[in-house]
Amino acid sequence: SEAATFVAQFTEASAAEGTVNLGRATEWVKHAITAVRDNRDFVIRYAWAEADPERWLVLHTLRSTLIALLIGDFLKAPPVRHIELGNACLLHDIGMYKLPESLRRSKAPLTPDERKAVNVHTALGYRLLKGCSTAENIALAALEHHERMDGSGYPRGLAGDRITEYARIIAVACSYDAMVSH
């Protein structure tokens with residue numbers, strides 16, 4: 001609950017202010033890394049326990065970040081890269097907060113025009129992060145997290161190794177979240 005509250009306040013404030021307090025994000029990510037390591041099984045079970053359609057984006061961000069951190073731990077990421085991965089995942093959908101709330105919260109199937117508008121969130125997130133002088137690998141994760149290994153993703157249709165490592169890990173974490181959540 002505390003983690004979801006942090007994610008909600010942090011992402012909404014960042015998008016509204018057009019700036020990112022990376023120091024605050026890093027402190028949270030450090031705590032999350034420790035929690036994931038100390039409570040791996042609990043974190044996995046708990047992450048899927050809450051299903052609130054009003055907070056789907058916040059909960060998706062939280063769950064995806066926890067899964068990305070688990071993957072980073074499994075891959076034995078060095079501490080600096082593990083923190084970067086956590087920050088990248090925490091911020092990967094920041095561009096969604098630049099879209100109209102009615103579009104973010106729509107429960108109806110999206111029209112083709114609405115789908116195009118939602119697909120722009122990757123570029124919006126990248127621009128916001130670059131405008132805050134965020135590290136390129138973190139900003140690229142926001143831009144590329146919907147790219148797919150076979151080149152079928154967006155926004156640039158990248159394939160294979162042309163997709164950054166953080167974006168590939170986040171794509172797996174997000175896909176897993178989509179498969180197991182409501």
So, for [X] and [Y], which heavy atoms are closest and what is the spacing to 0.1 Å?
X    : Y    : answer
I83  : V29  : O-CG1, 3.8 Å
L103 : A117 : CD2-CB, 3.8 Å
A4   : L62  : N-CD2, 3.8 Å
G125 : A142 : C-CB, 4.3 Å
A15  : K98  : O-NZ, 2.8 Å
F10  : N21  : CE1-O, 3.4 Å

Inter- and intrachain pairs under ring-ring contact (aromatic ring centres under 6.0 Å, His included), touching residues 63-88, at least two apart: none
Which residues pass the side-chain hydrogen bond (donor to acceptor under 3.5 Å, both in side chains) test with [X], sequence neighbours left out?
X    : answer
N87  : T26
R104 : none
N39  : none

Is there a chain of hydrophobic side chains (I, L, V, M, F, W, Y, each step under 4.5 Å between heavy atoms) that links [X] to [Y]?
X    : Y    : value
M149 : I169 : no
Y126 : L99  : no
L128 : V120 : yes
L143 : V118 : no
L90  : I33  : yes

Not counting sequence neighbours, which residues clear salt bridge (Lys or Arg N to Asp or Glu O under 4.0 Å) with [X]? List them please.
X    : answer
R168 : D161
E136 : K130
K116 : none
R162 : none

Residues passing the side chain to side chain contact (heavy atoms under 4.5 Å, CB included) test with T111, sequence neighbours excluded, are D113, E114
All N/O donor-acceptor pairs, side-chain side in residues 150-159, below 3.5 Å, sequence neighbours left out:
| from | atom 1 | to | atom 2 | distance (Å) |
| --- | --- | --- | --- | --- |
| D150 | OD1 | S152 | N | 2.9 |
| D150 | OD1 | S152 | OG | 2.6 |
| Y154 | OH | N119 | OD1 | 3.3 |
| Y154 | OH | H146 | NE2 | 3.4 |
| R156 | NH2 | E144 | OE2 | 2.6 |

Summary of side-chain hydrogen bond (donor to acceptor under 3.5 Å, both in side chains) pairs that have at least one residue in residues 2-14, sequence neighbours excluded: T11-Y97
Taking the side chain as everything from C-beta on, heavy atoms only, tell me whether D73 gets closer than 4.5 Å to R40. yes
So do the side chains of E17 and C132 get within less than 4.5 Å of each other, counting heavy atoms only? no
Examine distances only and state if a side-chain atom of H60 and a backbone atom of L57 form a donor-acceptor pair shorter than 3.5 Å. no
Once you round to the nearest 0.5 Å, how far does CG of L124 lie from CE of M96? 10.0 Å
What residue pairs, at least two apart or across chains, pass salt bridge (Lys or Arg N to Asp or Glu O under 4.0 Å) with a residue in residues 18-31? E27-K30
Test side chain to side chain contact (heavy atoms under 4.5 Å, CB included), reference R63, set L59, T65, I67, output is L59
Quick one: sort the W28 and F6 rings into parallel, tilted or perpendicular, breaks at 30° and 60°. parallel
